[in-house]
Colleague: 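Mind looking over this structure? Questions follow.
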Protein chains: 2
Amino acid sequence: MNVTPESRVKRATIEDVAKLAGVSRQTVSRAVNDKAEIDAETKRRVLDAARSLNYRPSRFARGLIRQDTTTLGLIISDIGNPFFPELASGVLRAAQARDWQVVLYDTGEDPEREVLALSTLAAQADVGAGFLTSPEVFAHAERLGVPFAVLDPGWDAGAAPGVGIDIAGGVRLAVRHLAAAGHRRIGMIDGAAGPHDKRRTSFLAVAEELRLDVGEDDVQSAPRSVEGGAEAIGVLRARKPEITAVFAYNDILAVGAVRGLKAAGVRVPEDFAVVGFDGLPLGELVEPPITSVYVDIRRMGELAVAAAAELLAGRTPEPVVVSPELRVRGSA
Amino acid sequence: MNVTPESRVKRATIEDVAKLAGVSRQTVSRAVNDKAEIDAETKRRVLDAARSLNYRPSRFARGLIRQDTTTLGLIISDIGNPFFPELASGVLRAAQARDWQVVLYDTGEDPEREVLALSTLAAQADVGAGFLTSPEVFAHAERLGVPFAVLDPGWDAGAAPGVGIDIAGGVRLAVRHLAAAGHRRIGMIDGAAGPHDKRRTSFLAVAEELRLDVGEDDVQSAPRSVEGGAEAIGVLRARKPEITAVFAYNDILAVGAVRGLKAAGVRVPEDFAVVGFDGLPLGELVEPPITSVYVDIRRMGELAVAAAAELLAGRTPEPVVVSPELRVRGSA
DNA sequence: TCGGAGCCCGTGAGCGCTCACGGGAGCGCT
DNA sequence: AGCGCTCCCGTGAGCGCTCACGGGCTCCGA
């Protein structure tokens, strides 16, 4: 498994230090963890010996005894997407408050790598949290026996512990906003991996509920990047010229859509409206700023850690869902 | 230290599973790590017992024996700054290639928290990497005995192992570019914590070298945020109305500066030029796109991991410095 | 009938550290 | 002299697991 067979330099043990300093293990331990019951001079001698041997206590041996350090494994899809640093920020903050360690796994939204990450996470961390692309992957986590707090990714997490997002509610806000502005033909730029994504299905459902003239083929899939969004809006408008607004899977795609529109000479929001999802700070910087369904991502991270803590304590965490709100800015 | 005295549920040991399944530890081990020399039926029974007890092998006990898992502690200043996710991306990629774990520490650029992070890192990881605000903090790392690959943050890392940036060279590119466009009075928006930051000193040095009319008070400090940049440009122009261009400490500040200028009705780049540093993807999204000194941040991350690997092997890594290049976009 | 080869399983040892002890040396006190 | 301190320091045990053995069992061919 380990790709690099580099000769790790074998570390000095407490015994080595003890021998060199002419004392016992226990005395070395006392010196290193600066406890009482040790003579100042002895301590200095031991510390010198330790330094000269480049001694550092083994975290494994130490962890075996004082089982007090907790490690959380955080699984994210793509750290290049500003959404995830935002999430990590919340997780990190909450973890630090509890004195937890956080190890990071970036899966690139690849189910295989998710399973892999989950496996190593199970071996390296006490508890996990993060986004998973499918229920199957989560089932894998359960099979491994790792407590895992799922962040609602679009599939219905159902009874899985973690923190959910009221995606349907968020989508409703977005589509309602567009409808209220008079748009009847609204497209969607979809960034989901599978076809059963909640944002997509909610979009279709809300459109039907509002009796808008919207169907399956008003949805255009795209890779989750600015370029993907720009390209998708072009494809969509070529196919459906009557469309006057789009709802984008996330802000990255929305930014791309706006970019694509501007490049095509379409004015936003005068000629065409765009609404995004996530409410990233990034959305405020572009011209026009993106109207978006804001989700308190940092809080999600904090809640995820709280849920993980519950799982670790053997309890089942309270189900929580965060409610998005619409942030009307310039693009719609 | 541990803020939350939550009762961690004590985990089942291999012995518990062995007892329940009516076999020996070794057999349980064989089943769990699916090795040979075990009957299929026995294996199933053991695995059932393990599941019912919610057994997961202790990573500490396991690590004590097979010392094959390497953990890298990554110290960053602020995950909210897009620079760092970019860096983390490179680190993660390189770490994954070596089958390393990455634990993350966000210090908020606070020296105290840096020292704290370094201490826990020393206890939890095999090797560290990241940005440190001062040589003093690095000295702390050395005192702790952790091998640490420093990413050149602005102070002169000198003999410290790690990967440097040719900041002076980068700044030269930026200022030269502005001077070539005819700017004689150039300001700087500084985001550094201390006054001896390389970007600042290089800026002053290059300006003098080019015999520009630039002095100490053409440098305006600002918190590293978009708002900080916007505010700083206002202050700077109020104090020095004759300035026609600024060099910003990083792209975030540059974006803020452009924002501030546009809000004040100043056209960029026609009336005023702005050059940033880092070359973040973000800079391409704003209007006008930010001309910036591009640094290959991901590669820096990869190089940092390589340096860390060298340190771990007991060797001293080759000194490397990455050379920035100017990416001329719209703002200058 | 018996030896040898598989197959399956268990036993001691030890990874590097800390915890709970126990104990010697030195001192002042009765 | 004897007692009881305090101040240091060392010795076993054990955390939970894997590795290197060893050994019983069945089956088969000589």
Side-chain angles (χ1 to χ4, degrees), chain A residues 1-2 8-47 49-50 53-71 122-126 144-145, chain B residues 1-2 8-47 49-50 53-71 122-126 144-145:
Chain A
M1 183 66 105
N2 215 323
R8 175 88 60 80
V9 61
K10 71 166 187 336
R11 303 207 315 204
T13 77
I14 199 173
E15 201 76 41
D16 299 329
V17 179
K19 217 164 288 172
L20 182 62
V23 294
S24 72
R25 297 175 321 223
Q26 180 62 7
T27 303
V28 175
S29 176
R30 277 190 266 256
V32 172
N33 306 336
D34 50 32
K35 293 203 210 159
E37 306 201 353
I38 183 172
D39 185 71
E41 159 62 17
T42 314
K43 182 169 178 176
R44 203 192 48 73
R45 214 173 66 242
V46 169
L47 255 26
L53 287 179
N54 220 314
Y55 169 73
R56 273 195 313 140
S58 151
R59 67 171 179 284
F60 295 115
R62 196 173 256 178
L64 201 49
I65 305 176
R66 339 189 308 217
Q67 348 225 34
D68 52 358
T69 52
T70 340
T71 304
Q124 305 294 341
D126 299 298
L144 286 167
Chain B
M1 185 65 103
N2 215 323
R8 175 89 60 81
V9 60
K10 71 165 188 333
R11 304 206 317 202
T13 78
I14 198 174
E15 200 76 42
D16 299 329
V17 179
K19 216 165 288 171
L20 182 62
V23 295
S24 72
R25 296 173 323 218
Q26 180 62 8
T27 304
V28 175
S29 176
R30 277 190 266 256
V32 171
N33 306 337
D34 50 31
K35 293 202 210 158
E37 306 202 352
I38 183 172
D39 186 70
E41 159 62 17
T42 315
K43 183 169 178 175
R44 203 192 48 72
R45 213 173 66 242
V46 170
L47 256 26
L53 288 180
N54 219 314
Y55 169 72
R56 272 192 316 139
S58 150
R59 70 171 178 283
F60 294 115
R62 196 173 255 178
L64 200 49
I65 306 176
R66 338 189 310 216
Q67 351 225 29
D68 53 358
T69 52
T70 326
T71 303
Q124 306 294 341
D126 300 298
L144 286 168

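Treat the numbers as computed from the prediction; the structure is a model and nothing was measured. Chain A is the first sequence line, chain B the second, and so forth, proteins listed ahead of strands; every chain is numbered from 1.
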Colleague: Looking at A/Thr27, does any N or O in its side chain come under 4.0 Å of the phosphate oxygens OP1/OP2 on D/dG10?
Modeller: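 Yes, within the criterion.
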Colleague: Round to a whole Å and report the spacing from CZ of A/Arg66 to P of C/dG16.
Modeller: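 My rounded result for the distance is 18 Å.
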Colleague: Measure the distance from CG on B/Asp39 to C1' on C/dC7 and round it to the nearest whole Å.
Modeller: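 After rounding, the reported distance stands at 9 Å.
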Colleague: Think A/Ser58 has a side-chain N or O under 4.0 angstrom from the OP1 or OP2 of C/dC17?
Modeller: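 Answer is no, no contact under 4.0 Å.
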Colleague: What I want to check is whether an N or O donor and acceptor connect the side chain of A/Arg25 with the base of D/dG12 at under 3.5 Å.
Modeller: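 Yes.
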Colleague: Report the distance from atom CG of B/Asp16 to atom P of D/dC15, rounded to the nearest whole Å.
Modeller: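 Going from B/Asp16 (CG) to D/dC15 (P), I get 11 Å.
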Colleague: Please walk me through it: do A/Val32 and A/Val28 pass side chain to side chain contact (heavy atoms under 4.5 Å, CB included)?
Modeller: CA-CA 6 Å; A/Val32 172; A/Val28 175; 4.0 Å; yes
Colleague: Using a cut-off of less than 4.0 Å, is there contact between a side-chain N or O of A/Ser29 and OP1 or OP2 of C/dC17?
Modeller: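 It does not, given that no N or O in the side chain of A/Ser29 lies less than 4.0 Å from OP1 or OP2 of C/dC17.
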Colleague: Between the side chain of A/Asp16 and the main-chain N/O of A/Thr13, is any donor-acceptor distance below 3.5 Å?
Modeller: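 Between the backbone of A/Thr13 and the side chain of A/Asp16 there is a qualifying donor-acceptor contact (under 3.5 Å).
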Colleague: Return the 5'-most residue of the pair A/Ile38, B/Tyr55 with respect to DNA chain D, ranking by each residue's nearest nucleotide.
Modeller: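 First, find each residue's nearest nucleotide; the 5'-ward one identifies A/Ile38.
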Colleague: May I have the distance from A/Glu37 (atom CD) to C/dC21 (atom C1'), rounded to whole angstrom?
Modeller: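 Taking CD of A/Glu37 and C1' of C/dC21, I get 11 Å after rounding.
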Colleague: With no angle test and no hydrogens, is the base of C/dC17 tied to the side chain of A/Glu15 by a donor-acceptor pair under 3.5 Å?
Modeller: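 No such pair is found, so the answer is no.
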Colleague: From the list C/dG14, C/dC17, D/dC9, which nucleotide is the closest neighbour of the side chain of A/Ala61?
Modeller: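 Output: C/dC17.
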Colleague: Quick one: is C/dC19 close enough that its OP1 or OP2 comes under 4.0 Å of any side-chain N or O from A/Lys35?
Modeller: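 For C/dC19, OP1/OP2 do have a side-chain N/O of A/Lys35 under 4.0 Å.
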Colleague: Distance check: side-chain N/O of A/Ser24 vs OP1/OP2 of D/dG10, anything under 4.0 Å?
Modeller: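 Yes, within the criterion.
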Colleague: With respect to the phosphate group of D/dT18, does any side-chain polar atom (N or O) of B/Arg62 fall under 4.0 Å of OP1 or OP2?
Modeller: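 Looking at the OP1 and OP2 atoms of D/dT18, one of them is under 4.0 Å from a side-chain N or O of B/Arg62.
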Colleague: In whole angstrom, what separates A/Lys43's NZ from D/dC9's P?
Modeller: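 The distance from NZ of A/Lys43 to P of D/dC9 comes to 12 Å, rounded to the nearest Å.
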Colleague: Are any side-chain N or O atoms of A/Arg11 and backbone N or O atoms of A/Tyr55, one a donor and one an acceptor, separated by less than 3.5 Å?
Modeller: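 Checking the backbone N and O of A/Tyr55 against the side chain of A/Arg11, no donor-acceptor pair under 3.5 Å is found.
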Colleague: Distance criterion of 3.5 Å, no angle test: do you see the side chain of A/Arg11 paired donor-to-acceptor with the base of C/dG16?
Modeller: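 Answer is no: no donor-acceptor pair is held.
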Colleague: Measure the distance from CZ on A/Arg59 to P on C/dG16 and round it to the nearest whole Å.
Modeller: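 Answer to the nearest Å: 14 Å.
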Colleague: To the nearest 0.5 Å, tell me how far B/Ile14 CD1 sits from B/Gln26 CD.
Modeller: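 Here the interatomic distance stands at 7.5 Å.
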Colleague: How many Å lie between CD on A/Gln26 and P on C/dC19, as a whole number?
Modeller: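 So the CD-P distance, A/Gln26 to C/dC19, works out to 8 Å.
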Colleague: Given atom CD1 of A/Ile14 and atom P of C/dG14, what is their separation to the nearest angstrom?
Modeller: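 Atom CD1 in A/Ile14 sits about 18 Å away from atom P in C/dG14.
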Colleague: For C/dT30, what is the paired nucleotide under Watson-Crick or G-U wobble rules, both distances under 3.5 Å?
Modeller: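 Looking at the geometry, C/dT30 pairs with D/dA1.
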Colleague: Between A/Arg59 and B/Thr71, is there a side-chain donor-acceptor contact under 3.5 Å, judged purely by atom types and distance?
Modeller: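 Yes.
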Colleague: Could you report the tightest heavy-atom contact between A/Ala12 and A/Leu53, atom names first, then the distance?
Modeller: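 The answer is CB-O, 3.8 Å.
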Colleague: Would you mind telling me which residue lines up with the more 5' stretch of DNA chain C, A/Leu64 or B/Arg30, judged by nearest nucleotide?
Modeller: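 That would be B/Arg30.
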